[in-house]
Every structure is written in C-alpha cells, then in structure tokens.
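Inspection log for the structure reproduced underneath, given as structure tokens.
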Amino acid sequence: MTTDYLVIGSGIAGLTFSVKIAEKFPNRQVTVVTKSSEEESNTKYAQGGVAVVLDDEKDSFKKHIEDTLIAGDGLCDEAVVEMVIKEGPQRFKELVAWGANFDVDKSGNLDLGKEGGHSEYRVVHHKDITGAEIERALLARAHQLDNITLLPHHFAIDLITNHHIKGQKPKADACYGAYVFDQEDNSIFTITSKSTLLASGGIGRVYGHTTNPVIATGDGIAMAYRAKALIKDMEFVQFHPTALYEVEGESSFLISEAVRGFGAYLRNKSGKRFMLDYDARAELASRDIVSQSIDNELKKTGETHVFLDCTHLDIERFKIHFPNIYDKCKANHINIEEDWIPVVPASHYLCGGIVVDKAGKTSVPNLFACGECTRTGLHGANRLASNSLLEALVYAHNIFKYHSTHELQDVEVAIPDWSDEGTTIAKEHVLIQHNLRQLQALMRNYVGIVRSNSRLTKAIKHLDLIYNEVEDLYKASKITTSLCELRNMVNVAHLIINQSLQRTENKGGYYNLDNVK
Ligand code: FAD
Ligand code: SIN
C-alpha cells in the first residue's frame, strides 16, 4: 500500500493532523493506522480538560507560562512554552469549530476549571469526560473527509528506514513508512509513505498500575528508538496522585485533579490534611510534589492508600461537574457524601520521548512525531496538568503548517516485503504474560516515584534477562500484538532506567535518594 501521509495513532495528535492536512489537500491520501478500535486512546480517557488562556481579565499568557515553567522545574524550553501557550486559544477555537462541546456557566461563558500548579481557573472541559468529547468530534470530522482512510485494528510493527533497504544506496537516512500487522487476518503488509507521523501516545502499561488504557505500551517510542531517532527525558515519568485505589485490578480509574480544584482534601487514615505539611499550595501543589508527598506519607504510615475527602463539597454541583467519577465511586460502593475516596498514585504520563523540533520533525528525515510520544521541551521535568491535550493540538498544527509549505518527497527505493522466514506460531503464550508481569513488577518496585542508584542498577540486570528472553521469542515467533507490545515495553523500560541513571540532580518528577544533597 502506498500513501502520501501515514499517521500512526488515532488520538488527539494523529486525528488533528489528519483532519487538517486532508482538508488542505483533498487530492492527497492520509492513512491512519491504529491498533485497537478507532477511538481507543489515552485521549478518550482525559478528564480535567485543556489548559488555555481565554479570560483576559484575570488570566494572562504570562501567568500560564510562569505556571508551566514552575511545574517543569527549570527544564522547560522557554521558547516552546511561550509558543504553545500563545497558540492555545486559536487551536482551541478550531476544536470548537469541528464540533467539540465544552461546558458553559449560567451566563453562557466557558466554565473554567482549576488543577494542580495552575494559579488561575483556565481549564476548559466537557464534564469529566473531556477527552471522549474531543475524540468524538475529531473522529466525526475525519469520517467526513474522503481522503482519510482509517484502519482500526492495524498494529504498526516497525518503521522502515535505510536499515531495511539492502543492496540499494539511498542518499541519506530517511523513514519510508512502516510494516503493519492486520490484527484481523494476521497478515503483515508494507505501507510506503512520503511522510510518516508517529502519534502513538504514552507508556503507562510499562508500570502495570496506571491510569492509562491497555494501548499505552510505548510502541512509537520503541519504534523510533530502533530507527535511531533521538529520545530524551525518559526519566520523567509522571505519576498522577489520585488514581482510585482498588484491591483488584491494575488499570486504575482516575479521580481528576479537577476534583481537588473543586475543593476536595487529601487526608491520611487518621484524617490529617497532610499536604499542608509539604507545600503551601496544599492539594493544589504541582503533581510531582503531591505524588512524592503521598508516597512519603504511605511509607511513614505503612498504609496502602490515602483518601480524597469530598464530604464538605456541594454534592449536587459535584454530580453536574463530575458525573462519571460520581458514578464510578457509587459502583464501587463509595458514597462520596459520607465516604472518603481511597486513592493512590499511579503511572500517568511520560514527559519525555521522541525529540522533536517546533515543526514536529524528529532526528530521522521524513519522520514526524506528535503528542504524548514526543519530547518537545514544553513539560521539562514535570508536566503542568492539562497541558498535554494543548501540546498535541499546537504541534499537530505546526506539523500541518510545515507540510503545507514543503514538497513531499517521492519514495525512490524499493521496499522489501516483511519476512517471517524461520518463525513459527508461538505456542507458549504464557511466556509473554510471565515476562510482562515481571517487567511491570520490576518497574513498579525499582523505577517508581522514589528511585535509588542501587535499585536502578538491579533493575538493569533484571531487565537484561527479560530482554534476552523476549528477543529470542520475537526472533523465533510469528508476529502477535502482545509479543510486539512486550518487546516495545522492554525497550521503553531500558530507556527509562538508563536515562534515570544519567540524571544526577533531582528535578520535578525525578527523585533519586542518591541525589539528595
Ligand atoms: P493517544 O491519545 O494515546 O493516542 C495514541 C494512539 O496511537 C491510539 O489510537 C493507539 O491505539 C495508537 N497506537 C499506539 N501504538 C500503536 C501501534 N503500534 N500501531 C498502531 N497504532 C498505535 N491531558 C490533558 O491535557 N488533560 C486532561 O484532562 C488529561 N486527562 C487524562 C486522564 C487520563 C485517565 C489519562 C490516561 C490521560 C490524561 N491526559 C490528560 C493525558 C492526555 O490524555 C494524553 O497525553 C493525550 O491524550 C495523548 O494524545 P496522543 O494523541 O498523543 O495519544
Ligand atoms: C486530570 O484530570 O487529573 C488529568 C489531567 C491531566 O493529566 O492533565
């Protein structure tokens, strides 16, 4: 298959770019491959909203920029921060024009929420299901455009680069598309593309205990790493302070930070509002500080979780703002009028990733990246809440702008078909599951909120064993999604651990006991 633009991923990043480029060039083909159903993505689960400066009286770009820089703990790229925040209102208006609905107050003005690290109310939202609403609107627009082909249940295995082109001598390294696995008929085919965009999202599943859905296995970052793209800041894994504590199960339901913005308190088992001991902003300190404080509190008390207390809030208003959270608590027999919600930090977001410039270009020619899989410089050492959807909107636009002013390059090399010679159908699925459990336990226990050099070094040794077993399995087996995902997660874990060891100063979401002065 050949296409003009290959987009890997159908979350906010992939769909925003696809819609824009398809509208501008009706005669060019945009092919979107996505490994699950078309709407499944981290985007679909976003709750709090999009941080954007719309209220000129109280808020300003300056304040949003400052909040972002403070959260990023000195490691943000200031020019990027300024660009993203100033572009925000324009990009938000486009989203509304495509049909996404956002809550308004009684006077018809946008209802603005607040989250940790924000000095003003500036988060536009659709109840507590903002991401699902954005995803709905983007998919509806994409379906109206004849030149977008959406291929759900298609898994991108690897990017095609010069490494795959044997016997020919392309002038410079480049990306020519991807090998893609059709999960429905188990075939593997080549998509040759003049431009390839990775919009493949986050890595939460590497930790097992995560707010992310099962698709978040870091595939794009692993593919880019294998294609020799520059990857940076992988040590900055963001743990969300308040995932619902559930005794069973791994994927953890998020209790939005907007609930704390609405006035909820964090308490330990004995009822103390412990955040007052850690930061003057208490529950609304930035996410790294709240998660590290909860971790410390749990270690001190030996408890498994802390609590979010909403009992003093106006519950009727709460139900209007957070209907999904209210229902989820109720289904778990938590009556928020009387009961505190048990919560615990969980892996939530990756601040680092594939290095891109302002036009979304990676270090590999013809390979672009957008959204959570990237490291743009916006987040530094810790992302400010609700800056991620904003970043994806702004960078999707920048990549679109770049493509509007630069000619597409024809692919002039012959791409070999995927070869699975010598492989057999893996009989021991149990090995994949076993290695996945080992990997996730390793990351939780040795590469969590608080790290140390000795734990990280142990993690490397253990990861080497898992790596060897998984590589052997991969070389001998016919492709399956779960095997490829496991292989990708091992690559991502390797990057997180090694880049953690390289950081000798604690910053934002990175805390290593050996760096404490
Ligand atoms: P995603 O939306 O994750 O999309 C990635 C896509 O790539 C998916 O379609 C996936 O199936 C596909 N894919 C992945 N690998 C492959 C492969 N190998 N082959 C083919 N397809 C592939 N951010 C905010 O700014 N505000 C919020 O309120 C907010 N709330 C959040 C709440 C939750 C519970 C979570 C999990 C995240 C939240 N975030 C929030 C973060 C934000 O949702 C994500 O960072 C953002 O949606 C990422 O968008 P994306 O398009 O980059 O990736
Ligand atoms: C939340 O609603 O707490 C998540 C916001 C975010 O991750 O930006």
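These numbers come from a predicted model, not from an experiment. Just follow the structure's listing: the first ligand is 1, and inside any ligand the first atom is 1.
S386 counts as a contact of ligand 2, since one of its heavy atoms falls under 4.0 Å from the ligand. At least one heavy atom of H154 sits closer than 4.0 Å to an atom of ligand 1. Taking 4.0 Å as the cut-off, T130 does not count as a neighbour of ligand 1 on heavy-atom distance. By the 4.0 Å heavy-atom criterion, Q238 is excluded from the residues contacting ligand 2.
At a 4.0 Å heavy-atom cut-off, ligand 2 touches L254 through the side chain alone. Contact annotation: for H125 versus ligand 2, there are no heavy atoms closer than 4.0 Å.
Every atom of ligand 2 is numbered from 1 in the order shown, and the set under 4.0 Å from a heavy atom of E257 is 1 (C), 2 (O), 3 (O). Of all atoms in ligand 2, listed by their number and element, those nearer than 4.0 Å to a heavy atom of A385 are 8 (O).
The shortest N/O to N/O separation between N387 and ligand 2 does not fall below 3.5 Å.
Here the heavy atom of the protein found nearest to atom 8 (C) of ligand 1 is E40 O, 3.4 Å. Here the protein heavy atom with the shortest distance to atom 21 (N) of ligand 1 is K35 N, 3.1 Å. Remark: minimum distance from atom 37 (C) of ligand 1 to any protein heavy atom is reached at H348 CE1, 3.5 Å. Residue, atom and distance of the protein heavy atom nearest to atom 15 (N) of ligand 1 are D219 OD2, 3.1 Å. Looking at atom 19 (N) of ligand 1, its nearest protein heavy atom turns out to be A156 N, 2.8 Å. Scanning all protein heavy atoms for the shortest distance to atom 51 (O) of ligand 1 gives A13 N, 3.0 Å. The protein heavy atom nearest to atom 44 (C) of ligand 1 is E372 OE1, 3.2 Å.
The aromatic ring centres of F318 and F322 sit less than 6.0 Å apart. For H154 and F189, the ring centers are positioned less than 6.0 Å apart. Ring centroids of F307 and H305 are separated by less than 6.0 Å, placing the two rings close together. The ring of F17 has its center no closer than 6.0 angstrom to the ring center of H397.
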Less than 3.5 Å apart, which donor and acceptor atoms pair up between the side chains of residues 342-353 and the rest of the protein, not counting sequence neighbours?
{"unit_1": "H348", "atom_1": "ND1", "unit_2": "T211", "atom_2": "OG1", "d": "2.6"}
{"unit_1": "Y349", "atom_1": "OH", "unit_2": "H379", "atom_2": "NE2", "d": "2.9"}

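Taking only non-hydrogen atoms, the option from A46, G49, P213 nearest to atom 28 (O) of ligand 1 is G49. For atom 2 (O) of ligand 2, the choice among G261, S256, G116 with the nearest heavy atom turns out to be S256. Among A222, S37, A369, S388, the residue whose heavy atom sits closest to atom 46 (C) of ligand 1 is S388. With R260, H348, Q47, R287 as candidates, the residue nearest to atom 5 (C) of ligand 2 on a non-hydrogen basis is R287. With T43, V32, I134, D128 as candidates, the residue nearest to atom 50 (P) of ligand 1 on a non-hydrogen basis is T43.
Under the 6.0 Å distance and 45° angle rule, R444 does not count as a cation-pi partner of Y207.
Summarising the local packing, NZ of K63 is surrounded by more than 12 heavy atoms from other residues, nucleotides or ligands at distances under 6.0 Å.
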